[in-house]
Every structure is written in structure tokens, then in C-alpha cells.
Amino acid sequence: MNEKTDLRIVKTKKVLYESLLELMKEKTFEEIKVSDICEKALINRSTFYSHYADKYELFSSYIDSLKITLTKELEKNSNISTSKEYFLEMLRLFLNHVEKQKNVYRAIMQQNRNSIIMDMIYHAFNEDIAKKIEIEEANHREKIPGSFIATFYLGAIFSVGMKWLTNENKYTKKELLNYLDILIPDDLNSTK
């Protein structure tokens with residue numbers, strides 16, 4: 001019985017997420033009401049409120065699940081030897097993640113210009129970079145502090161990734177990675 005209950009909860013949450021995303025393609029998050037979500041999902045309001053306090057909690061829960069999948073993707077970037085390779089691989093993994101979740105990102109960003117998705121991506125990148133810096137700083141002394149380098153390149157990688165996400169057809173994924181390969185120096189700690 002418990003497995004059936006869990007499966008029903010999973011299915012209910014999934015249909016609520018999908019309904020919210022469909023509605024976000026048509027109107028802004030602020031315009032969407034819980035009753036709209038319930039109507040789209042074909043569930044009662046009482047069912048909605050048994051899982052979420054309001055639409056903000058539903059959206060936050062979905063963003064958290066999206067961050068978990070992005071974080072898992074970024075964790076694949078562990079066996080990279082140079083900082084340049086690391087940042088290029090980070091962007092490649094992010095772009096792959098966005099391609100797999102294209103409908104989700106489009107729905108959230110198309111009508112909704114709020115920063116929650118950008119904050120989620122930035123936070124996931126920042127956490128991954130912080131782990132890498134700890135390892136690098138423990139291994140050798142840098143000419144430039146690792147946290148400074150990370151902040152600098154995080155801004156660049158994040159901006160390029162977000163630009164690609166919002167203007168998807170302007171550059172291909174391969175072109176972006178090639179441009180960054182040229183722009184990012186081989187030795188990030190070079191003072192020359």
C-alpha cells in the first residue's frame with residue numbers, strides 16, 4: 001500500500017509540475033493561480049494543498065529538482081587536469097543539460113523574466129567551482145588566488161551560457177565552446 005501511495009504522490013507532483021510549466025508558456029508566473037494549475041492538472045485544490053502551501057512552493061520545489069539534475073551533470077566534470085578544460089567542460093555539461101530540459105527552460109524564461117532560474121544555475125556553478133578551488137588550493141600555491149579566478153570565469157561562463165539559452169539559434173554549442181577555447185588561456189595563473 002505504501003508503494004502505491006508513493007507512486008501516486010510522484011505522479012501527482014509530476015502532473016502539477018508539467019501543468020505549471022505549460023501555463024508558464026502562456027502567461028507570467030504572477031498571473032497564474034492555483035486554480036489554473038489544478039484545472040490544467042485535472043486535480044482538486046485540496047489535493048494541491050495536501051502537497052504544497054501555494055504556487056510559490058510548487059515552483060520552488062520544481063526549481064530544486066532541476067538544480068539537483070544540473071548538479072549531478074556538473075559532478076561528471078571531476079577528472080579534468082587544467083582549469084581551462086574544467087571551465088570548458090562545465091559549459092559543455094550545462095549546455096547538454098539545457099538541451100535535455102529545453103522545454104522546461106523555455107517555459108520558465110519565455111514569459112517569465114524572473115531571476116529564480118538564473119539564481120539556481122549560478123548557485124549550482126558556484127558550488128561546483130568552490131569544490132574545485134578547495135582541491136586546487138590544497139595541491140599548490142597559486143599566483144592569483146583560486147577564488148578570484150573562479151569568480152572571474154564563473155561570470156564569463158554563466159553569462160555565455162545564459163546568452164545561449166535566451167538566443168539559442170545565434171551560435172551552436174560547438175561554436176560557443178570553440179570561442180571559449182580561444183578566449184580562455186591555457187594557464188589561468190599566468191601573470192603575463
Side-chain angles (χ1 to χ4, degrees), residues 13-14 16-30 32 52 55-80 82-136 146-184 188:
K13 288 183 175 187
K14 182 178 184 222
L16 287 170
Y17 290 157
E18 290 169 352
S19 297
L20 176 61
L21 290 174
E22 283 300 311
L23 289 167
M24 288 176 75
K25 290 178 185 175
E26 302 163 10
K27 49 183 150 179
T28 66
F29 179 73
E30 289 75 22
I32 298 169
Y52 301 103
K55 68 179 184 176
Y56 299 98
E57 188 178 334
L58 168 65
F59 189 54
S60 179
S61 173
Y62 188 74
I63 294 298
D64 287 345
S65 69
L66 198 57
K67 182 182 177 196
I68 289 167
T69 61
L70 176 57
T71 301
K72 285 180 182 177
E73 283 297 311
L74 294 176
E75 287 173 356
K76 295 176 183 176
N77 194 8
S78 60
N79 297 327
I80 305 296
T82 69
S83 295
K84 178 179 182 169
E85 290 174 6
Y86 169 77
F87 285 113
L88 289 172
E89 183 64 9
M90 172 185 264
L91 184 60
R92 189 187 68 72
L93 291 168
F94 169 65
L95 297 177
N96 288 344
H97 168 77
V98 168
E99 280 184 333
K100 289 178 196 169
Q101 307 279 341
K102 193 179 290 188
N103 292 335
V104 171
Y105 281 98
R106 270 205 192 117
I108 293 171
M109 298 197 60
Q110 210 167 27
Q111 292 285 335
N112 302 274
R113 298 286 181 227
N114 65 38
S115 66
I116 193 165
I117 195 76
M118 291 183 214
D119 292 345
M120 180 278 295
I121 295 166
Y122 190 87
H123 192 259
F125 279 5
N126 201 31
E127 284 178 353
D128 194 68
I129 290 172
K131 286 185 247 173
K132 174 109 171 111
I133 289 171
E134 285 177 25
I135 294 166
E136 282 189 12
S147 58
F148 184 84
I149 294 168
T151 301
F152 181 79
Y153 283 100
L154 172 60
I157 299 297
F158 178 75
S159 294
V160 167
M162 294 311 294
K163 190 76 168 169
W164 181 79
L165 183 58
T166 56
N167 295 322
E168 161 186 344
N169 296 322
K170 189 161 184 157
Y171 303 107
T172 66
K173 191 169 53 167
K174 186 177 180 179
E175 286 173 323
L176 277 184
L177 293 169
N178 286 337
Y179 295 154
L180 285 174
D181 188 35
I182 294 166
L183 288 171
I184 299 174
L188 297 182

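What's counted below: heavy atoms across the whole structure, side chains too, no hydrogens, waters or symmetry copies. Because the structure is a prediction, the values reported are computed rather than measured.
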Is there a side chain to side chain contact (heavy atoms under 4.5 Å, CB included) between I182 and N178 once you walk through the steps?
CA-CA 6 Å; I182 294 166; N178 286 337; 5.5 Å; no
Roughly how far, to the nearest 0.5 Å, is [atom2] of [Y] from [atom1] of [X]?
X	Y	atom1	atom2	answer
I63	I68	CD1	CD1	11.5 Å
D181	K174	CG	NZ	12.0 Å
S65	K13	OG	NZ	10.0 Å
E73	L95	CD	CG	11.5 Å
I129	F125	CD1	CZ	7.5 Å
L21	Q101	CG	CD	9.5 Å

Do [X] and [Y] have side-chain heavy atoms sitting under 4.5 Å apart?
X	Y	value
L180	F87	no
T69	K100	no
L93	E89	yes
Y62	L58	no
I157	I184	yes
H97	L66	yes
K173	N96	yes
M24	I32	yes

Correct closest heavy-atom pair for K55 and E30 would be NZ-O, 3.2 Å
Polar contact flag, side-chain donor to acceptor under 3.5 angstrom, D128-Y86
yes
For K14, enumerate each residue passing the side chain to side chain contact (heavy atoms under 4.5 Å, CB included) test, keeping only those at least two apart in sequence or located in another chain.
E18
Ion pair K72/E75, N-O distance below 4.0 Å
no
Over 60° means perpendicular and under 30° means parallel, so tell me whether Y52 and Y17 are parallel, tilted or perpendicular.
tilted
Run the numbers on E127 and L74 for side chain to side chain contact (heavy atoms under 4.5 Å, CB included), then give the verdict.
CA-CA 10 Å; E127 284 178 353; L74 294 176; over 6 Å; no
Is the backbone N or O of G155 less than 3.5 Å from a side-chain atom of S159, with the two atoms forming a donor-acceptor pair by type?
yes
